[in-house]
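Heads up, the thing below is written out as structure tokens.
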Amino acid sequence: MCETAEAASLLAWYDAHARVLPWRVSPSDRKAGVAPDPYRVWLSEIMLQQTTVAAVRDYFTRFTALWPTVEALAAAPDEQVMAEWAGLGYYARARNLLKCARVVTEEYGGRFPADHAALLSLPGIGPYTAGAIAAIAFDLPEVVVDGNVERVMSRIFRVETPLPAAKPELTALARSLTPAQRPGDYAQAVMDLGATICTPRNPACGICPWREACRARKDTVQAELPRKSPRKAKPTRHGMIFIGRRSDGAVLVERRPDKGLLGGTLGWPGSDWQEGAAPKALPPAAGDWRELPGEVRHTFTHFHLVLRVLVADLPQGTVPERGYFLEKSAFSPSDMPTAMRKAHDLAVRPAPTASG
DNA sequence: TATCCGTGGAG
DNA sequence: TCTCCAAGGAT
């Protein structure tokens, strides 16, 4: 393995095949002296954490249209940012996004630091994201290791150690290949390679720029790598929620606490979610609550959720014991995380009949 | 180190 | 239907 030659062959491949992405400066533009906007690089990297490019695209476009600069984002109301993030998942990212924007605005004069350690100290920025911003936005020679890089390294070096234990080994191997020239393009090139050629299933080894050097391909074990430790089975939790509506169209909602599952998001009042039978919960307001036929099913990272949904038409003067009324004009189900939006769908749309 | 934290698409 | 997975971070 000749490190310099491998980096060069990958960069040549990237020059010809780099994906066109809304937050990316193309290799030709970069060579022409165009510098990336660190704000856009940061925003894209946060959105892309454990999230596909396809899912991020529209969110990125909308965020940058609403808030073109980090100062603009820092000045945005929390509720609006949470509503715009709704549906993208991992809501701690949205809360940390605002924290970070405000720190950068207030303590860094609106400029992201061009320094790995300083970036790492910011909310929502961990080792990967700090390296990615340093490399992509500032062209610093950082070692950038994400899921793509882990997969690519495990294959070209045929690392049989299962993840996540293999992480340090894979990081060292990634470091051994990272060039001093064009580190920003190189970081994006390895990730593009992992996303388009060295894919988890059916890697396209025949057109890979690293096919000659790849140990896994030589030994025909590429489909089995990287190995992963077995995961835990998902339990099923049950709960009940209450969707209360006033005749003027206002709905009874609550803001979930900042910490924990769906932290800081808008939702329907309800019970805790537990394994076994759904825990009983008091309605958030007095009323004639009736349970809807059917149920809401949703799967989170580490458990399945089954929700019973109760609805009520509430009198105009109702004073809720929990939550608050949101006027019809101020409510959109798309402002809620998916599980809550599914519950609203069930309440609004009659359950499909067996005959269709 | 292990657990918690979403979502939608692919196969 | 079900499992896996995608540019991880915080605790």
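In what follows, chains carry the letters A, B, and so on, assigned in the order in which the sequence lines appear, proteins first and then strands, with residues in each chain numbered from 1.
In A/Arg297, the CZ atom is not crowded: 12 or fewer heavy atoms of neighbouring residues, nucleotides or ligands sit closer than 6.0 Å.
Distance A/Ile125 CD1 to C/dA10 C1': 14 Å, rounded to the nearest Å. Between A/Glu84 atom CD and B/dG6 atom C1' the separation is 18 Å, expressed in whole Å. Distance, A/Leu307 CG to B/dG6 C1': 15 Å, rounded to whole Å. The distance between atom CH2 of A/Trp273 and atom C1' of B/dG6, rounded to the nearest whole Å, is 11 Å. Going from atom CG of A/Asp146 over to atom P of C/dG8 covers 5 Å, rounded to whole Å. Rounded to whole angstrom, the span from the CG atom of A/Leu88 across to the C1' atom of C/dG9 amounts to 15 Å. In this structure, A/Leu21 atom CG and C/dA6 atom C1' are separated by 14 Å, rounded to whole Å. Taking atom NZ on A/Lys234 and atom P on B/dC5, their separation rounds to 13 Å, with Å as the unit.
Toward the 5′ end of DNA chain C lies the nearest nucleotide of A/Gly147, the other residue of the pair A/Gly147 and A/Lys259 mapping further downstream. Toward the 5' end of DNA chain B, the nearer of the two residues A/Ala92 and A/Asn202, judged by each one's closest nucleotide, is A/Ala92.
Among pairs with a residue in residues 219-244 of chain A, those fulfilling salt bridge (Lys or Arg N to Asp or Glu O under 4.0 Å) read A/Arg158-A/Asp219, A/Glu160-A/Arg227, A/Arg215-A/Asp219, A/Glu224-A/Arg227, at least two apart in sequence or across chains. Residue pairs meeting the ring pair (Phe, Tyr, Trp, His ring centres under 6.0 Å) criterion with at least one partner in residues 123-153 of chain A, sequence neighbours excluded, are absent. Among pairs with a residue in residues 230-254 of chain A, those fulfilling ring pair (Phe, Tyr, Trp, His ring centres under 6.0 Å) read A/Phe242-A/Trp289, at least two apart in sequence or across chains.
Remark: A/Phe60 engages A/Trp23 in a ring pair (Phe, Tyr, Trp, His ring centres under 6.0 Å) (not counting sequence neighbours). With sequence neighbours excluded, no residue satisfies ring pair (Phe, Tyr, Trp, His ring centres under 6.0 Å) with A/Tyr59. Taking A/Thr161 as the reference, A/Val159, A/Ala165, A/Ala166, A/Glu169 meet the side-chain contact (heavy atoms from CB on, under 4.5 Å) condition, with sequence neighbours excluded.
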Please list every donor-acceptor pair under 3.5 Å in which a side-chain atom of residues 300-321 of chain A meets a protein atom from a residue at least two apart or in another chain.
from	atom 1	to	atom 2	distance (Å)
A/His304	ND1	A/Thr299	OG1	2.9
A/Arg308	NE	A/Glu291	OE1	3.4
A/Arg308	NE	A/Glu291	OE2	3.0
A/Arg308	NH2	A/Glu291	OE1	3.0
A/Gln316	OE1	A/Ser247	OG	3.1
A/Gln316	NE2	A/Asp248	OD2	2.9
A/Thr318	OG1	A/Pro315	O	2.7

What donor-acceptor contacts under 3.5 angstrom involve side-chain atoms of residues 326-340 of chain A, with partners at least two apart or in another chain?
from	atom 1	to	atom 2	distance (Å)
A/Ser332	OG	A/Ser334	N	3.3
A/Ser332	OG	A/Ser334	OG	2.8

Distance-only criterion, 3.5 Å: show the donor-acceptor pairs between side-chain atoms of residues 88-96 of chain A and protein atoms not counting sequence neighbours.
from	atom 1	to	atom 2	distance (Å)
A/Tyr91	OH	A/Gly87	N	3.0
A/Arg93	NE	A/Tyr90	O	3.4
A/Arg93	NH1	A/Ile46	O	3.1
A/Arg93	NH1	A/Met47	O	2.8
A/Arg93	NH1	A/Gln49	O	3.0
A/Arg93	NH1	A/Thr51	OG1	3.1
A/Arg93	NH2	A/Thr51	OG1	3.4
A/Arg93	NH2	A/Leu88	O	3.1
A/Arg93	NH2	A/Gly89	O	3.0
A/Arg95	NE	A/Asp258	O	3.1
A/Arg95	NH1	A/Asp258	O	3.2
A/Arg95	NH1	A/Gly263	O	2.6
A/Arg95	NH2	A/Asp258	O	2.9
A/Asn96	ND2	A/Ala92	O	3.3

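Closest contact between the side chain of A/Pro337 and the listed nucleotides C/dA6, B/dG11, B/dT7 involves B/dT7. Listed nucleotides B/dT7, B/dG6, B/dG11 differ in distance to A/Tyr90; the shortest reach to its side chain belongs to B/dG6. Set against B/dT7, B/dC5, C/dA6, the side chain of A/Phe303 has B/dC5 as its closest nucleotide. For A/Phe300, the listed nucleotide lying nearest its side chain is B/dG6; candidates were B/dG6, C/dG9, C/dA6.
As judged by a 4.0 angstrom heavy-atom cut-off over every strand, A/Arg297 is placed among residues making no nucleic acid contact. Residue contacts shown for A/Arg151 are limited to sugar-phosphate atoms, with no base heavy atom under 4.0 Å away. Residue-level contact check: A/Trp42 touches neither bases nor backbone, having no heavy atom under 4.0 Å from any strand. Note on A/Gly87: only backbone sugar-phosphate atoms sit closer than 4.0 angstrom, heavy atoms only; bases stay farther off.
The stretch residues 128-140 of chain A touches DNA chain C through A/Tyr128, A/Thr129, each having a heavy atom under 4.0 angstrom from the strand. Sorted by residue number, the members of residues 43-57 of chain A with any non-hydrogen atom under 4.0 Å from DNA chain B read A/Gln50, A/Thr51.
Side-chain atoms of A/Val53 and A/Arg57, non-hydrogen and from C-beta on, do get closer than 4.5 Å to each other.
Taking 4.0 angstrom as the limit, A/Arg93 places none of its side-chain polar atoms (N or O) nearer than this to OP1 or OP2 of B/dG6. Remark: A/His298 is in phosphate contact with B/dT7, judged by side-chain N or O atoms under 4.0 Å from OP1 or OP2.
Classified by interplanar angle (parallel below 30°, tilted 30° to 60°, perpendicular above 60°), the ring pair A/His344/A/Trp268 is parallel.
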Detail all sub-3.5 Å separations between protein N/O atoms and N/O atoms belonging to nucleotides 2-4 of chain B.
none

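Taking every heavy atom of both residues into account, A/Ala135 and A/Val144 meet most closely at CB-CG2, 4.0 Å.
For B/dG6 and C/dT11, the P atoms lie 14 Å apart once the distance is rounded to whole Å.
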